[in-house]
Amino acid sequence: MRKTLMIAAAATLAAAPLAAQEVNVYSYRQPELIAPLTDAFTEATGIEVNVAYLEKGMIERLQAEGRRTPADLVFTVDISRLAAIVDADLTQPAASDTLIANVPEQYRDPDNRWWGLTTRARIVYASKERVAEGEVTTYEDLADPKWKGRICTRSGTHAYNVALTSAILNYYGEDGAKDWLEGVKANLARKPQGNDRAQVKAIWAGECDIAIGYTYYMGKMLEDPEQAQWANSVNIVFPTFENAGTHVNISGVAMTKYAPNPENALKLMEYLTSPEAQEIYATANYEYPIAPGSKPDDLVASWGSFVADDVNLMTLAANRSAALKLIEIVDFDG
Ligand code: FE
């Protein structure tokens with residue numbers, strides 16, 4: 001009797017079409033960065049990767065879909081965006097020995113809900129003509145009155161600068177962070193405006209001498225005939241916090257709470273954290289791979305080496321709202 005039942009069950013299974021092996025992704029990162037990786041993964045595993053490229057609304061979409069979501073994984077940049085998805089209870093822990101071996105501790109959630117894949121460093125772009133080597137070496141320096149009227153930056157409330165302020169807050173507390181923000185504000189050559197590249201343009205145009213920006217924009221500017229001259233007017237300086245490292249942020253991945261294909265999703269996460277995949281991903285956007293033994297591409301390496309701050313990025317995410325409040329209290333953009 002039991003045997004018959006088993007045969008019947010097997011027959012039913014055989015009659016049903018084989019479910020395709022697949023994994024589904026919601027990505028805030030662009031197709032040109034993601035497609036080379038997903039193609040290589042499909043080639044190696046036979047697992048199809050379907051990617052929906054979103055510009056906004058990922059959280060709302062996942063909330064609306066609830067348990068019926070097709071999404072297994074989300075790709076995004078900036079710890080604040082990863083943390084927002086985690087805070088909205090839209091992820092689940094996912095871990096393996098491979099992930100742990102490939103992702104250094106400061107770039108992963110202690111509770112395994114997100115994993116970093118690449119980093120970008122928040123650096124100083126310094127005028128080749130007007131800033132001597134060694135003139136700026138720390139983030140604390142940016143608040144020194146010697147820079148009065150010489151600094152350009154994008155809005156203080158932008159996620160990139162909120163993350164940097166969160167790191168200052170981590171080391172100096174509220175009073176110290178407020179002093180730092182006031183000091184930097186007093187040194188600004190103009191009201192915060194534009195994106196990171198616009199600050200380098202302003203150095204090229206002679207409006208300021210140093211600017212705060214992410215490393216990968218150097219590569220992006222060099223790709224563009226008009227912007228290359230802006231890029232060529234500056235040196236890259238990797239500042240550190242006094243007695244600590246250089247501030248970095250990440251691109252990362254998280255598994256959704258109701259992932260329909262969690263095993264395939266974990267395989268894709270493992271592939272993405274592999275040194276080879278990280279190098280492909282990092283090179284496509286002039287970022288840094290983080291797996292032990294992986295290397296940035298030659299152009300990125302030519303900008304110099306640095307020691308990344310070892311604070312866990314979750315600490316910065318936790319400081320985010322306090323940092324934003326301070327930025328508003330000092331009226332940084334005003
Ligand atoms: Fe950016």
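Just so you know, ligand 1 is whichever comes first in the structure, and atom 1 is the first atom listed for that ligand.
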Leaving waters out, which protein N, O or S atoms fall under 2.8 Å from the Fe ion (ligand 1)?
->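 Metal shell, protein only: Y160 OH, Y216 OH, Y217 OH.
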Hey, can you tell me if F238 and Y288 have their rings parallel, tilted or perpendicular (30° and 60° cut-offs)?
->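 Judged by the thresholds at 30° and 60°, the geometry between F238 and Y288 is perpendicular.
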Disulfide bond (SG atoms under 2.5 Å apart) partners of residues 63-182, not counting sequence neighbours, each pair once = C152-C208
Under the criterion side-chain contact (heavy atoms from CB on, under 4.5 Å), which of V184, I327, T157, N319 is the partner of T165?
->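 Exactly one pass, corresponding to I327.
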Verify, without hydrogens or angle tests, whether D224 (side chain) and M221 (backbone) share a donor-acceptor contact under 3.5 angstrom.
-> no
If you draw the axis of the six-membered ring of Y214, does the NZ or CZ of R122 fall within 45° of it and under 6.0 Å from the ring centre?
-> yes
Verify whether the ring centers belonging to F241 and Y172 lie closer than 6.0 Å.
-> no
